[in-house]
Amino acid sequence: MLQPKTRLQIQTLLLSWFDENQRPLPWREKYRPYEIWISEIMLQQTQVKTMLPYFRRWMERFPDVQSIADAREDEVLKHWEGLGYYSRAVNIRRTAEIIVRHHGGTFPKAHSTILGMPGIGPYTAGAISSIAFNEDRPLVDGNVERILARLFNLDTPVEEKNTRKFIWNTAEELIPAGRARQFNQALMDLGATVCLPRRPACEKCPLNGLCESRRMGTADRRPVTNRRKDIASIEVAVGILHHRGRVLIQKRPASGLMPNLWEFPGGKIHPGESPEQALIREFREELELEVRCRERLASIRHNYTSFRVLLHAFLCRPADSRPRPVLRSAVEARWVVVEELDQYAFPAANRKLIDLVSGRKPAAARNHRPEPRNDDAEDGANVVLLKK
DNA sequence: AACCCGGGGGC
DNA sequence: GCCCCAGGGTT
């Protein structure tokens, strides 16, 4: 399919571009398989800039595979809090246990073994094989899709099977023997810094003389992709149930949305229901607790990827003098003092609420972010303080 | 093949 | 707002 001459040109141009332009990243210092693995999982659907602080913090706490296998799942999740796609953290732990048990604690080298691990699919297996072990294996992610769709001016949606197949085959053909580590990372860096999703910097691209979509003027319309479906809005009520200096939190199920994270009890407001009525109903359904709503603490807006939520938070008191939560839909419930809340992993909207009621700035509680973000004002605008 | 999972960046 | 990001798992 690909002309040998063209292939050699692409290889040569990309490798020398990478030599001069690669980004300095922590896992590129030693190419330890363990670090490559963790970085690749963290980078799934997550930008380098976002995951970098998490990666550094992770390596301090979990320097090797064994340390993960020895840790409690809650602590692993706590280090993942805020990164999203929480099943990634659970899968890391499962994989760590497999590696300790069956591979003597060191990361296995065989591609077929790597591919079978929890949370490791075709892309990540290719990435670990090529980047950690420098084996001649292809990898295809959003960057490679975009670069090849532009280079060859592909006009069929990349979601289609045949298009995917062409891209994987081409990615494999292009690998220069013995240099997959450099070549595949060159594709990543080119996609992240030059061949951008919008407004690609073609004038800086080492492949611009070979790029078919640039020649045709279609670069900004590649890759062709299917439309996404629109997102829903929901309204929920949550209760901070106070009793004898403690508040009640509960753990979410291990499957579904935001698995294993902790949250304040509550739930969706049904049509025709007031937030207070919904809250009283949810406490009954989930915990068999009778509560009274006191003041409304705040209404918080948060945009998740696939839905928006408007969360009404209330301060509640138990109707009973000795409240005993009974686990129904909740997995676990605990009475904790406010200072302990930071030890638990919460969904983002709950975390906003905690920051608010503990009188902190929104960014401050994200203790794993070394530098506070500069968008406090914007976060604050999402929080309506109805009563002090 | 179509969904589901999430937070953030950047325009 | 909207699209995208070093995707994988489930149905």
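Protein chains get the first letters and strands the later ones, always in sequence-line order, with residue 1 at the start of each.
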Who passes side chain to side chain contact (heavy atoms under 4.5 Å, CB included) against E282(A), sequence neighbours left out?
-> E285(A), E286(A)
Tell me what V144(A) touches on the nucleic acid: a base, only sugar-phosphate, or nothing, going by heavy atoms under 4.0 Å.
-> nothing
Assign each of E160(A) and T46(A) to its nearest nucleotide of DNA chain B by heavy atoms, then name whichever residue's nucleotide is nearer the 5' end.
-> E160(A)
Among dG8(C), dC4(C), dG7(B), the nucleotide that comes nearest once only the side chain of Q44(A) is considered = dG8(C)
Do R146(A) and N143(A) get their side chains close enough for a donor-acceptor pair, meaning under 3.5 Å?
-> yes
Side chains of V90(A) and Y86(A): does their closest heavy-atom pair fall under 4.5 Å?
-> no
Please state the P separation for the pair dC4(B) and dA6(C) - nearest whole angstrom.
-> 24 Å
Among dA6(C), dC2(C), dC5(C), the one nearest Q45(A) by side-chain distance = dC5(C)
Kindly say if K49(A) contacts the phosphate of dG10(B), meaning a side-chain N or O under 4.0 Å from OP1 or OP2.
-> yes
Please state how far atom CG in N260(A) lies from atom P in dC5(B), giving the value in whole angstrom units.
-> 14 Å
OH of Y86(A) versus C1' of dG7(C): gap in Å, rounded?
-> 17 Å
For M51(A), report the nucleic acid contact type (base, sugar-phosphate, nothing); a contact means any heavy atom under 4.0 Å.
-> nothing
Check against ring pair (Phe, Tyr, Trp, His ring centres under 6.0 Å), Y31(A) and F133(A) = CA-CA 8 Å; Y31(A) 288 106; F133(A) 299 112; over 10 Å; no
Out of dG9(B), dA6(C), dG7(B), whichever nucleotide has its closest atom nearest the side chain of Y123(A) | dA6(C)
Is R198(A) touching bases, backbone alone, or none of the nucleic acid, heavy atoms closer than 4.0 Å?
-> base
Apart from L327(A) itself, what residues make up its hydrophobic cluster, given side-chain heavy atom links below 4.5 Å?
-> L241(A), L248(A), L279(A), I280(A), F283(A), L287(A), L289(A), V291(A), F314(A), W335(A)
Please determine which of F55(A), W37(A), Y34(A) meets the ring-ring contact (aromatic ring centres under 6.0 Å, His included) test together with W27(A).
-> F55(A)
Rounded distance in Å - CD1 (I131(A)) to P (dG7(C)) = 11 Å
What does L25(A) touch in the nucleic acid at a heavy-atom separation under 4.0 angstrom: a base, only the sugar-phosphate, or nothing?
-> base
Length of the line joining L52(A):CG and dG8(B):C1', which is rounded to integer Å | 14 Å
Just need the stems in DNA chain B: three or more back-to-back Watson-Crick or G-U pairs, each with both distances under 3.5 angstrom, sorted by first number.
-> B:1-5 with C:7-11, B:7-11 with C:1-5
Can you tell me which residue pairs pass the side chain to side chain donor-acceptor pair (under 3.5 Å) test with a partner in residues 96-113 of chain A, sequence neighbours excluded?
-> R93(A)-E97(A)
P206(A) side chain near N21(A) side chain, heavy-atom distance below 4.5 Å | no
Can you tell which of dG9(B), dG6(B), dA6(C) lies closest to the side chain of D189(A)?
-> dA6(C)
For R23(A), which contact category applies under a 4.0 Å heavy-atom criterion: base, sugar-phosphate, or nothing?
-> base
Most 5' of P347(A) and K161(A) on DNA chain B, judged by nearest nucleotide | K161(A)
Nearest heavy-atom neighbours spanning G239(A) and F264(A) | O-CB, 3.6 Å
Residues two or more places apart in sequence or in another chain: which of them pass ring-ring contact (aromatic ring centres under 6.0 Å, His included) with W58(A)?
-> F62(A), W80(A)
Distances under 3.5 Å between protein N/O atoms and the N/O atoms of nucleotides 9-11 of chain C, please, pair by pair.
from	atom 1	to	atom 2	distance (Å)
dG9(C)	OP1	G119(A)	N	2.6

Look at the side chain of A348(A) and decide which nucleotide, out of dG6(B), dG7(B), dG9(B), has an atom nearest to it.
-> dG7(B)
Base, sugar-phosphate, or nothing for W27(A), non-hydrogen atoms under 4.0 angstrom?
-> base
Integer-rounded Å distance: dC5(C) C1' and M42(A) CE | 16 Å
What are the two closest non-hydrogen atoms of P33(A) and A132(A), and how far apart are they?
-> CA-CB, 3.8 Å
Return the value, rounded to whole Å, for the distance between atom CG of L43(A) and atom C1' of dA6(C).
-> 5 Å
May I ask you to verify if any side-chain N or O of Y54(A) is less than 4.0 angstrom from the OP1 or OP2 atom of dG7(B)?
-> no
Nucleotide of dG8(C), dA6(C), dA1(B) approaching T124(A) most closely (side-chain heavy atoms) | dG8(C)
Protein-nucleotide distance (Q47(A), atom CD; dC11(B), atom C1'), rounded to Å | 12 Å
Closest to the side chain of V48(A), out of dG7(B), dG6(B), dA6(C), is dA6(C)
dC5(C), dG7(B), dA6(C): which one has an atom nearest the side-chain heavy atoms of N143(A)?
-> dA6(C)
Could you measure between the two C1' atoms, the one in dC3(C) and the one in dG6(B), and give it in whole Å?
-> 15 Å
The side chain of T225(A) lies closest to which of these nucleotides: dC4(C), dG7(C), dG7(B)?
-> dC4(C)
